[in-house]
Amino acid sequence: MRPLDEKETTAVFEKLYKFVGNNLKNIVENPSHEGPDSTPGRYCFRLHKNKIYYTSDSIVKRATNISRTNLVSVGTCIGKYTHGGSFHLTVQALSLLASNAKHKVWLKPQSEMSFLYGNHVLKSAIGRITENIAPGDGVVVFSMSDVPLGFGIAAKSTQDCRKLDPNAIVVLHQGDLGEYLRMEDEL
């Protein structure tokens, strides 16, 4: 387990910025109240076995007592580096993204299962959508009762969605809660 270098930090922050925008400051400066210290600590990003973890400083200090081979996880795994060197967010980052999301889409109840099975979001599935979404922006997908279901990339802008065919893809699927069941061995 080690801190991220400059290149890794840039890749992680660019990906997070795509979803949370200026709220990235809230993620980085979030005070941590974990551990015995009375003063709040900070959260940080750490790399361990090609996975990026979001964890508090107090946990990192305690984890130094465990050898790297025996350390399984420390904090919340928010993403991983592929063999090709690109960074991908994982479904475990959903709570972090949902609380700081810049662009949101709410699904109709009958369309939630389709998204949770790994399918893209169609125009006919959308119940509500935030304004000013541009193609390529990161979008967090919610149920109509404000439960975060997953995240993806906007294929169309908010204005284009109004005049689209009902079977047109609006959000390209990247991650959803169904991955906990479909890919439990890899997570």
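Small disclaimer: the values here were computed from a predicted structure and weren't measured. The residues of the chain are indexed from 1 along the displayed sequence.
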Aromatic ring pairing Tyr43/Tyr54, orientation class (parallel under 30°, perpendicular over 60°, tilted between):
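Ring orientation of Tyr43 relative to Tyr54: parallel.
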Does His173 have any ring-ring contact (aromatic ring centres under 6.0 Å, His included) partners at least two apart in sequence or in another chain, and if so, which?
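Phe115.
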Holding to ring-ring contact (aromatic ring centres under 6.0 Å, His included), I want the full list of residues that pass it with Tyr53, two or more places apart in sequence or in another chain.
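So Tyr53 forms no ring-ring contact (aromatic ring centres under 6.0 Å, His included) with any residue.
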Roughly how far, to the nearest 0.5 Å, is NE2 of His103 from CD1 of Ile153?
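Reported value, rounded in 0.5 Å steps: 10.5 Å.
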Does Lys156, at its NZ atom, have more than 12 non-hydrogen atoms belonging to other residues, nucleotides or ligands within less than 6.0 Å?
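Atom NZ in Lys156 is not crowded, with 12 or fewer foreign heavy atoms closer than 6.0 Å.
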Taking atom CD of Gln110 as the centre, report whether more than 12 heavy atoms of other residues, nucleotides or ligands fall under 6.0 Å from it.
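Yes, because the 6.0 Å sphere around CD of Gln110 holds more than 12 heavy atoms from other groups.
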For the side chain of [X] and the backbone of [Y], is there at least one donor-acceptor N/O pair under 3.5 Å apart?
{"X": "Asn119", "Y": "Ser114", "answer": "yes"}
{"X": "Glu8", "Y": "Asp5", "answer": "yes"}
{"X": "His48", "Y": "Val74", "answer": "no"}

With a 4.5 Å limit on heavy-atom distance, are the side chains of Val12 and Tyr81 in contact?
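A side-chain contact under 4.5 Å exists here.
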Do His88 and Thr82 have side chains that approach each other closer than 4.5 Å (heavy atoms only, starting at C-beta)?
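Yes, close enough: below the 4.5 Å cut-off.
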May I ask you to decide whether Asp176 forms a salt bridge with Arg182, counting only side-chain N to carboxylate O separations under 4.0 Å?
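Judged by the 4.0 Å cut-off on N to carboxylate O distance, Asp176 and Arg182 do form a salt bridge.
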